[in-house]
Amino acid sequence: MPFLLRFREHWVRPALFFGNNPISLAGGAITTASGATMIAYWVTELLGRSESNPYLGIIFNLILPGLFILGLILIPIGIYFRHKALQRAGHIPAVYPKVDLNDRIFRHGLDIVLVATIVNLLVVSVASYRGASYMDSPQFCGQSCHVMHPEYAAYQISPHSHVDCVACHIGSGAQSYFEAKVDGTKQLFEVAFQRYPTPVPSPVRNLRPARIICEGCHTPAKFVGEKLLVRSSFADDEQNSETQTVLVLHLGGLDGLSHLTGIHGVHLGHIEYIATDPSRTTIPWVQRRSSDGSATAYAASSLNGATPQGERRLMDCIDCHNRAAHTFQTAEEALNQAMQAGAISPALPWIHKEGLALLKADYTSQQDAATKIPAALQAYYRTANPTVLAAQATQEQAAARELVKIYSENVFPDMKVTWGTHPNHIGHQSYPGCFRCHDGDHTAKDGSSITQDCAACHNLLSVDEAKPKVLSDLGIQQ
Ligand code: HEC
Ligand code: HEC
Ligand code: HEC
Ligand code: HEC
Ligand code: HEC
């Protein structure tokens, strides 16, 4: 076997000879140690004993593979320097020390080198695959870096909590992957040097078009039809009096004859607008293109006929569903919802008024809120209504816990995210939303305007009524 012989003479022997230096030996040690640790971790993971701690993830999926490869790189570097040094001193042997394949110890040594190389190749490929997929996981995107905590907290309680961040934020294919990594590296430096913006700005400028992201899973051609919404709200009185609003939203879509109808049908693909502020809240100019190609422009009266400067955008899903995966609620919405669900008992006197005040008070951190809210609620009942603490202690404690939870899902003092930082464009009660355009003030040349007719969007079956009859007619409620 002349090939094997040559390989032994020209490669194995010199490598072993020059490899005997501190740098290469340290490299070998680093690689062996990190490789063994990673393999042990993968085995425990296969046995189902892994931790989902994001920092462990960083160590095992990014740092250890890095060390492993660093060790591998150190080996040839050490060999190179020793070769150089010996060459300079004129100590390179004409013939490298003979390695005798009959020597059992050496034969085993060679086997070990061979096996180690194969194992190393396997470890590198598994580690790089795992590193790449780990960087795509919501744990890595959302948890390992406190800058993302607000979005991650909102994401976990959203209908998209099982959709990976990268499904919406990074496209498929090598190019978007590469762009995202370049972008991510930049952001890593911003975080390391504390140069990141607080709060993280919205809208996200380089988000891919919604037609590509959202329509990968939701088809707008699906006819949604009518959607019933029931909303409870509680008053600031002693009984926390509950009233309900019931409405039917005309969502529509593409009907059986491919006609566009309703809220979904009428906007997609043919309405453009110009917003004059970064958050796309002030929209003085809108244009609708009809199926025959003709365009109608609607302008706010403040424009006096001019066309405003600003980003011109074709309306898509995100112009209404801008908080699809990260809905930050208003304090009112969150409190009403928790009371309707019973997590905060409406039987606690004045809890709506007190709870709202506690949610909206100033705290220096989430930790601060977590200690002050329960203490303040207890102090309130102790002075105003001590019987509550005696008779409804469990409810009072549960209410305090829930208030802390609501606060921690919506307010992040370290990231300057507070009530109202990220407006939601669906609806028009808490934020301008639909009324950015449907405010009755956007008029076309022919005098028509973008409708503000309540019935164009929904039928209001009941507005803030106590025990609305329609809910008992529908069998939803007694
Ligand atoms: C269903 C799609 C979707 C998923 C899944 C998703 N996002 Fe988003 N994200 C969006 C949209 C849409 C916006 C707002 C874009 C806009 O208004 O232009 C956004 C905005 C953001 C912003 C900018 C600040 C803000 O609040 O608007 C951050 C940061 C962010 N997302 C992080 C994450 C992280 C971290 C995850 C995973 C834990 C994630 N996103 C998962 C769709 C998604
Ligand atoms: C990877 C698939 C996927 C992508 C991408 C995706 N969604 Fe979803 N979406 C889902 C799933 C799954 C649900 C939950 C359905 C359920 O719970 O019934 C959902 C639910 C929703 C809902 C209903 C929420 C509710 O309150 O019931 C809306 C609205 C929505 N998505 C909008 C969007 C928008 C806008 C985008 C683009 C920014 C988007 N989705 C991207 C999979 C996806
Ligand atoms: C003009 C505003 C607007 C646009 C544009 C829009 N939606 Fe919606 N969509 C709504 C409203 C309003 C609702 C009902 C919200 C609610 O349930 O509170 C809704 C509800 C939904 C739902 C939930 C339906 C259900 O059965 O509960 C999905 C899914 C959805 N939209 C997906 C999309 C996708 C995907 C796009 C883009 C192709 C899109 N929407 C574009 C306004 C819009
Ligand atoms: C960027 C501007 C813009 C925003 C934001 C917007 N719309 Fe529209 N909407 C339009 C325009 C333009 C028309 C077409 C006007 C017309 O045909 O008279 C329209 C038409 C409609 C129609 C049909 C009206 C009719 O008379 O048939 C409905 C329903 C509607 N929008 C609902 C909504 C809802 C709900 C929202 C918020 C979730 C919303 N729109 C947000 C621009 C907007
Ligand atoms: C351009 C469409 C549009 C028009 C016009 C409109 N609304 Fe709405 N409205 C909505 C949407 C969309 C929602 C549901 C938002 C959501 O899912 O939270 C809503 C929700 C509501 C709610 C319930 C809010 C809650 O959460 O309790 C009330 C009350 C309401 N609208 C009243 C009105 C009245 C009164 C008018 C007429 C002056 C009107 N709306 C005109 C789109 C519209």
Side-chain angles (χ1 to χ4, degrees), residues 138 155 157-172 203-204 207-231 247-254 259-275 280-291 295-300 312-327 333 423-429 431-444 446-459:
Y155 159 88
I157 48 172
S158 90
H160 290 113
S161 56
H162 289 275
V163 176
D164 288 350
C165 318
V166 292
C168 293
H169 284 280
I170 301 176
S172 51
V204 181
L207 207 68
R208 286 170 308 144
R211 302 216 69 115
I212 301 176
I213 331 174
C214 319
E215 291 180 17
C217 296
H218 301 280
T219 155
K222 174 172 175 267
F223 186 75
V224 182
E226 307 289 314
K227 181 170 181 183
L228 181 75
L229 288 187
V230 182
R231 296 271 157 84
L247 51 98
V248 177
L249 273 178
H250 307 313
L251 271 185
L254 273 186
H259 292 142
L260 296 167
T261 68
I263 297 170
H264 271 166
V266 292
H267 298 92
L268 291 174
H270 43 202
I271 291 181
E272 284 180 291
Y273 69 85
I274 296 178
R280 300 183 185 142
T281 301
T282 312
I283 301 182
W285 186 90
V286 184
Q287 176 178 282
R288 188 192 68 166
R289 201 168 280 286
S290 308
S291 44
T296 317
Y298 300 88
R312 184 163 166 161
R313 209 179 124 81
L314 183 67
M315 199 170 172
D316 66 24
C317 318
I318 286 166
D319 291 298
C320 297
H321 295 284
N322 65 325
R323 312 299 322 162
H326 323 283
T327 320
E333 283 165 2
N424 189 343
H425 296 325
I426 290 274
H428 52 81
Q429 298 288 93
Y431 304 102
C434 314
F435 286 8
R436 290 173 297 161
C437 301
H438 290 267
D439 60 354
D441 184 47
H442 287 68
T443 329
D446 65 5
S448 63
S449 63
I450 306 180
T451 182
Q452 202 181 17
D453 176 10
C454 318
C457 299
H458 46 56
N459 275 10

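Atoms within a ligand are numbered from 1 in the order they appear, just like the ligands themselves. Note that the structure is a prediction, hence the values are computed from the model and not measured. What you see below is based on every heavy atom in this structure, not just the backbone, and it leaves out hydrogens, waters and symmetry mates.
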Taking the six-membered ring for Trp and the full ring for Phe, Tyr or His, determine whether the centres of Tyr298 and His442 are under 6.0 Å apart.
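Ring-ring flag for Tyr298/His442: false, centres at least 6.0 Å apart.
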Go through it in stages, so that I can follow the logic: the residues are Ile426 and His321, the test is side-chain contact (heavy atoms from CB on, under 4.5 Å), and I'd like the CA-CA distance, side-chain angles, deciding distance and then a yes or no.
CA-CA 6 Å; Ile426 290 274; His321 295 284; 3.6 Å; yes
Look at the aromatic rings of His160 and His218 and report parallel, tilted or perpendicular, splitting at 30° and 60°.
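Perpendicular.
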Any idea how His438 and His267 line up, ring-wise: parallel (<30°), tilted (30 to 60°), or perpendicular (>60°)?
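Rings of His438 and His267: perpendicular, as their planes differ by over 60°.
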Interfacing atoms of ligand 4 (cut-off 4.0 Å, heavy-atom, [X]):
X	value
Ala456	29 (C)
Ile450	10 (C), 11 (C), 12 (C)
Ile271	10 (C), 11 (C), 12 (C), 13 (C)
Arg288	14 (C), 16 (C), 17 (O)
Cys437	1 (C), 2 (C), 3 (C), 4 (C), 5 (C), 42 (C), 43 (C)
Tyr298	15 (C), 16 (C), 18 (O)
Met315	1 (C), 3 (C), 4 (C), 5 (C), 6 (C)

Are [X] and [Y] side-chain neighbours, meaning at least one heavy-atom pair lies under 4.5 Å?
X	Y	answer
Ile213	Ile318	yes
Val248	Glu226	yes
Met315	Leu268	no
Ile283	Ile274	no
Leu207	His169	yes

Heteroatom test (N, O or S) for His267 near atom 8 (Fe) of ligand 4, limit 2.8 Å
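It does: His267 brings an N, O or S atom closer than 2.8 Å to atom 8 (Fe) of ligand 4.
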For [atom], what is the closest protein heavy atom, and at what distance to 0.1 Å?
atom	result
atom 13 (C) of ligand 2	Pro159 O, 3.9 Å
atom 24 (C) of ligand 4	Thr451 CG2, 3.7 Å
atom 28 (C) of ligand 4	Val266 CG2, 3.9 Å
atom 12 (C) of ligand 2	Val163 CG2, 4.6 Å
atom 36 (C) of ligand 2	Cys214 SG, 2.9 Å

From [atom], work out which of [options] has a heavy atom at the shortest distance.
atom	options	answer
atom 19 (C) of ligand 2	Arg323, His160, Lys227, His162	His160
atom 33 (C) of ligand 3	His321, His218, His425	His321
atom 41 (C) of ligand 3	Cys317, Gly427, Cys457	Cys317
atom 34 (C) of ligand 4	Ser449, Pro432, Cys434	Cys434
atom 2 (C) of ligand 2	Ala324, Ala325, Cys217	Cys217

His264-ligand 3 polar pair, N/O distance under 3.5 Å
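Yes, there is a polar N/O contact under 3.5 Å.
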Does the protein come close to [atom] - that is, does one of its heavy atoms sit below 4.0 Å from that atom?
atom	result
atom 31 (N) of ligand 4	yes
atom 15 (C) of ligand 2	no
atom 9 (N) of ligand 2	yes

Donor-acceptor contact below 3.5 Å, side chain Ser161 vs main chain Ile157:
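Side chain of Ser161 to backbone of Ile157, a donor-acceptor pair under 3.5 Å: no, none is there.
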So, Asn322 side chain and Asp319 main chain: donor-acceptor pair closer than 3.5 Å or not?
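Judged by distance alone, no pair lies under 3.5 Å.
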At a 4.0 Å threshold, what atoms of ligand 2 neighbour a non-hydrogen atom of Ile213?
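Going through ligand 2 atom by atom, the ones under 4.0 Å from Ile213 are 5 (C).
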Distance in Å, Gln429 CD paired with Phe435 CZ, rounded so as to fall on 0.5 Å steps
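CZ of Phe435 is found 7.5 Å from CD of Gln429.
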Atom OG1 of Thr296 and atom CZ of Arg288: how far apart are they, to the nearest 0.5 Å?
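The CZ atom of Arg288 is 5.0 Å from OG1 of Thr296, to the nearest 0.5 Å.
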Atoms of ligand 3 less than 4.0 Å from [X] heavy atoms?
X	value
Ile263	1 (C), 42 (C)
Ile426	10 (C), 11 (C), 12 (C), 42 (C)
Leu249	14 (C)
Asp316	5 (C)
Glu215	38 (C)

Least distance between heavy atoms, Pro432 atom then Thr281 atom
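Reported closest heavy-atom pair: CG-CG2, 3.9 Å.
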Over all atoms of both residues, closest heavy-atom pair of Cys437 and Val286
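So the minimum-distance heavy-atom pair works out to SG-CG2, 3.7 Å.
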Could you check whether Glu272 pairs with Arg313 (Lys NZ or Arg NE/NH1/NH2 to Asp/Glu carboxylate O, under 4.0 Å)?
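No, Glu272 and Arg313 are not salt-bridged.
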Hey, is atom 8 (Fe) of ligand 3 within less than 2.8 Å of some N/O/S atom on Cys320?
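Short answer: no, not a single N, O or S atom is under the cut-off.
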Quick one, Arg280 with Tyr273, criterion side-chain contact (heavy atoms from CB on, under 4.5 Å). Give me CA distance, side-chain angles, the key distance, then yes/no.
CA-CA 10 Å; Arg280 300 183 185 142; Tyr273 69 85; 3.3 Å; yes
Donor-acceptor side-chain pairing of Asp446 and Ser448 below 3.5 angstrom:
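Yes.
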For ligand 4, which part of His428 has a heavy atom less than 4.0 Å away: the side chain, the backbone, both, or neither?
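His428 to ligand 4: no contact under 4.0 Å from either part.
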For His438, which part has a heavy atom under 4.0 Å from ligand 4: side chain, backbone, both, or neither?
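The part of His438 near ligand 4 is the side chain, not the backbone.
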Does ligand 3 have any atom sitting under 4.0 Å from a heavy atom of Asp319?
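Contact absent.
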